Protein chains: 2
Amino acid sequence: MTDQPGLDGDGPSESASGTINRMSEGACCAGTFPANRRVSDDVIDSELTVFKALANEKRLRIIEALRDGELCACELETILDAPQSTVGSHLSKLREAGIVRTRKEGKWTYYRIADTASLQVLNLAAALGEDEQ
Amino acid sequence: MTDQPGLDGDGPSESASGTINRMSEGACCAGTFPANRRVSDDVIDSELTVFKALANEKRLRIIEALRDGELCACELETILDAPQSTVGSHLSKLREAGIVRTRKEGKWTYYRIADTASLQVLNLAAALGEDEQ
DNA sequence: CATACATATCGAAAAAGTCCGATTCGACTT
DNA sequence: AAGTCGAATCGGACTTTTTCGATATGTATG
């Protein structure tokens with residue numbers, strides 16, 4: 001027989017609820033798992049939508065550029081120094097993810113940050129990544 | 001303020017050396033982009049590292065599972081219901097990104113969230129994505 | 001030391017994402 | 001209406017990421 005991890009719980013951070021159903025026979029985790037630690041698919045989907053939208057250098061540059069206020073699509077083209085179709089598809093993804101919102105004025109389309117919470121996410125991520133390098 | 005789109009169309013008579021212009025004909029924003037809105041590459045890199053690590057369903061499930069405390073790699077295998085090598089590579093990426101930290105105990109490896117700021121990022125993202133669906 | 005188990009890593013195929021020319025569409029001007 | 005400009009979208013080449021069997025490493029046990 002083999003030991004089970006976390007049985008005696010002498011670790012420094014073993015303070016979680018003991019509702020995890022551990023097995024009493026066989027290998028470490030065979031058969032049973034802490035099902036109560038699953039999270040709803042909706043939450044995962046929400047997070048995934050946002051993070052996929054943010055996991056791209058050009059899209060991050062767009063958002064950083066929009067920190068101080070709205071810009072039109074063509075201005076973002078020059079900031080990214082990329083072809084119109086490239087910038088356009090990035091903007092589409094940001095809009096589909098709900099990160100940015102648009103305002104049409106004549107033949108121009110102005111983009112702005114939809115929710116300041118997006119900027120908080122950026123700030124937190126920057127701080128997180130910073131002390132890891 | 002920079003010139004907003006509104007200057008008259010000049011026609012295809014671009015003669016100067018386009019320093020930042022990629023299009024054949026400058027119009028709306030050619031030459032007058034808000035350069036001061038650029039952000040340092042370091043910040044972008046930090047954000048990118050974090051967001052790339054979080055932009056994956058399985059890795060998000062791992063992090064959500066670790067909210068309440070550490071779990072060993074084999075427990076995470078059963079949560080994800082994926083082969084050991086798949087889970088292992090996701091855990092490697094999370095560790096390389098600094099999202100999780102490990103603790104070895106005998107032949108087991110325990111994973112935990114490295115920084116509670118990660119969970120704040122998740123919470124914000126979940127809220128952001130929520131009201132977009 | 002042989003064995004079993006936990007896990008890290010490799011490598012190649014599959015899947016997903018990015019890039020960008022070309023096209024389409026809408027709004028404006030003449 | 002015809003032409004122009006800004007912008008959205010399509011299609012396919014290209015790049016990156018994911019997946020997972022196979023293998024390697026490490027740790028306990030007999």
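Since this is a predicted model, take the numbers as computed values, not measurements. Chain naming here is simple, since letters A, B, ... match the order of the sequence lines and numbering starts at 1 in each.
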Measure CZ/B:Phe51 against P/C:dT18 and give the value in whole Å, please. 14 Å
Report yes if at least one side-chain N or O of A:His90 is closer than 4.0 Å to OP1 or OP2 of C:dC19; otherwise report no. yes
For the pair made of CD1 in B:Ile62 and C1' in C:dT7, what is the distance, rounded to whole Å? 13 Å
Return the value, rounded to whole Å, for the distance between atom CD of B:Glu105 and atom P of D:dT27. 13 Å
Send over the distance from A:Leu94 CG to D:dA8 C1', rounded to a whole Å. 15 Å
Check whether any side-chain N or O of A:Arg59 sits under 3.5 Å from a backbone N or O of A:Lys52 as a donor-acceptor pair, and report yes or no. yes
D:dA8 OP1/OP2 closer than 4.0 Å to side-chain N/O of A:Ser85: no
Within the structure, does a side-chain N or O atom of B:Arg95 lie under 4.0 Å from either OP1 or OP2 of C:dT9? yes
Closest nucleotide of DNA chain D for B:Lys58 versus for A:Ser92: which of these residues is on the 5' side? A:Ser92
State whether B:Tyr111 places a side-chain N or O below 4.0 Å from either non-bridging phosphate oxygen (OP1 or OP2) of C:dA8. yes
Please check this pair: side chain of B:Arg61 against backbone of B:Leu80, looking for a donor-acceptor N/O pair closer than 3.5 Å. no
Could you tell me how far apart A:Glu77 (CD) and C:dC19 (C1') are, to the nearest whole angstrom? 14 Å
Taking NZ, NE, NH1 and NH2 as the nitrogens, is one of them in B:Lys58 or B:Asp81 under 4.0 Å from a carboxylate oxygen of the other? no
What does B:Ser89 touch in the nucleic acid at a heavy-atom separation under 4.0 angstrom: a base, only the sugar-phosphate, or nothing? base
On the nucleotide C:dA4, are OP1 or OP2 found under 4.0 Å from the side-chain N or O atoms that B:Lys107 carries? no
Using whole Å, what does the distance between atom P of nucleotide D:dC5 and atom CH2 of A:Trp108 come to? 12 Å
pair A:Arg112-A:Leu66: side-chain heavy atoms closer than 4.5 Å: no
Looking only at the side chain of A:Lys93 (C-beta and beyond, no hydrogens), which of the listed nucleotides D:dA7, D:dA8, C:dT18 gets closest? C:dT18
Look at the side chain of A:Glu75 and the backbone N and O of A:Cys72, then say whether any donor-acceptor pair between them is shorter than 3.5 Å. yes
Does the side chain of A:Thr86 get closer than 4.0 angstrom to OP1 or OP2 of C:dC20 through an N or O atom? yes
Would you tell me if any nitrogen or oxygen in the side chain of A:Asn56 comes within less than 4.0 Å of OP1 or OP2 on C:dG17? no
d(CZ, B:Arg103; P, C:dA8) in whole Å: 14 Å
Verify the contact: side-chain N or O of B:Lys52 to OP1 or OP2 of D:dT17, cut-off strictly under 4.0 Å; return yes or no. yes
Nearest-Å distance for atom pair CG/P, residues B:Leu91 and D:dC20: 15 Å
Classify the side chain of A:Gln84 and the base of D:dA8 as holding, or not holding, a donor-acceptor pair under 3.5 Å. yes
